[in-house]
Amino acid sequence: MNAATGMRRVSVHRLGEVLLASIQQELTDSIAVALRQDLTEMAAAGTRGVIIDISQVEIVDSFLARVLAEIAAATRILAGRTVVCGMRPPVAITMVEMGLGLPGLHTARSLEDALALVEAGEVGR
Amino acid sequence: MTVAENGGAAAVADFLRARREQLAQQWADLTLFRAVHTSGRDVAVHAAHRLVDALTEVARDGRVDDVTVPALDQVRAALAQMIAARSQAGATPPQVAAEVAELKRPVIAMVGRELADADRGAALIAATDLMGTLRLVGMEISLSDEGAIVARQRRQLSEVATPVLKLWDRVVAVPLIGTLDSARTQVVMETLLEAIVDQHAAVAILDITGVPLVDTVVAQHLMKTALAVRLMGARCVVSGIRPQIAQTIVQLGIDLGDITTRATLADALEWALGQVGTSIGRA
Amino acid sequence: MTTAAVTTLPITSDLEIAGVRQAVREAAVAAGFSLVEQTKVVTAASELARNTLVHGGGGRLEITRLDRPHGQGIRLRFRDEGPGIADVETALSDGYTTGHGLGLGLGGARRLVQEFAIDTAPGRGTTVTVTAWPRGAWGG
């Protein structure tokens, strides 16, 4: 699918027991779906959590919101938690106006906060 | 010059062309032209010529009582700038409408005085219709202009009225004062979220001590803001819920969802300080 | 109100949805939209383009810039010759989904723009027209 469009997948890095996906490009629906597959497969090999850095993402529509929620659901089953970090203000405002949330996901301001959140294990509300 | 049925408009067109200069001279002394063209009477007369010419075309077209004819575009163009200038100078739409209405009297007086008896009746009716149409166009322009000004002022006001305070390292607060409508909520949300980024804030306090009323709409706005803060990865706490407001919330059956609430700003700060260090959010 | 030139874009693949987002962003920037306003209209366009692709079997987008005395807006018209929508009210309601997105596609897009119109019937295709104005150009 990506070979056909010539667009890169989102690269996923392993930092100890944490998977980090930093989205640095325009996301098509198929790249988002490929990211979900990659993260789910890599999480199955053992992980404490997944961090998705969306600080460079300019829009989150209902499709991407659903893919993110699916990633969270899959990694939760595999004993990890998913943290989305760095959402831009216009993205947050737009999602709220649409009535979109990120069910099942944790959020953090920065990558550092996200790592702390995964390490913390227990999440307060 | 004889006037057949429906020929009143044609008579007015001829009349306006013939009396272009006299009419422009009279209009130039009226408030609308005088107040806008302060740089000199020549400029006012020139602007008046333009309006006379535009009205002549409308009369020539024949449909003097129809505000939708294309010929009125020139009239709109001639009026728009003056009306915008009057609004900016502080004139209200009724004042502007009255100033546009003033233009009618010289036209009617001249038609009544100068046209031959045979033509006068139909021409007076057509001239009255034409000037009535002019007044409507003026009103339409000043009202749409007013809308833009009100929107701009309201925006400026709510921006000024929404300071975001840094209360502690990584803790920001917005003291909300006055009613929370959706335009205001937008501004509060934008200002607060930008502050969260700039200050690396982990907790945002929305203090509603100065909000007189919390109904379902306001509650919805608060929840939207809290949700956006959480999506950004910070936590939100609403403080300043006075006892009578708490009662209203309960009586109305408003569900604040899982928004964290505290009675006072001090309580909220205490809660915030407990959060900082763990700095977590949950969507 | 005058209208400026129309730009037409095809919507036949998810890569072209990305192209739609980029073109709508450029139009919004040119019309003087704030960053938040740009993000709203681009997000709405993304939802509607996906709707055109997934439910309409592909189609096209026309972008038109609108000029008014107090500001510029943009009009987006998404057209497809797909099966059409039998029950528009249901399609616009939250939670309605045919398997893509969270069921907030059409309804969510509607909340992000000032004007929203949908013209559809079974067998006749679907045209969704939305208009977005920056703050102040449309009464706040």
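Just so you know, these numbers use all the heavy atoms, side chains as well, and skip hydrogens, waters and symmetry mates. Naming convention: chains lettered A, B, ... in sequence-line order (proteins, then strands); numbering from 1 in each chain.
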Spell out, as yes or no, whether a donor-acceptor pair under 3.5 Å connects the side chain of C:Arg79 to the backbone of C:Leu61.
-> no

Name the member of C:Gln38, C:Arg25, C:Arg110 that forms the most heavy-atom pairs with chain A at distances under 4.5 Å.
-> C:Arg25

Side chains of C:Thr39 and A:Glu58: do they bring a donor and an acceptor to under 3.5 Å?
-> no

C:Val42, C:Ile17, C:Thr43: which one forms the most heavy-atom pairs within less than 4.5 Å of chain A?
-> C:Thr43

Measure A:Val60 against the heavy atoms of chain C and call it side chain, backbone, both or neither at under 4.5 Å.
-> backbone

Segment of C:Leu35 engaging chain A (4.5 angstrom heavy-atom cut-off) | both

The interface call for C:Arg21 against chain A, heavy-atom contacts under 4.5 Å, is side chain

Between C:Trp133 and C:Glu37, is any side-chain donor less than 3.5 angstrom from a side-chain acceptor?
-> no

Within 6.0 Å of CD in C:Glu62, more than 12 heavy atoms from elsewhere | yes

Check against salt bridge (Lys or Arg N to Asp or Glu O under 4.0 Å), C:Asp119 and C:Arg124 = CA-CA 9 Å; C:Asp119 179 21; C:Arg124 195 154 60 77; 3.5 Å; yes

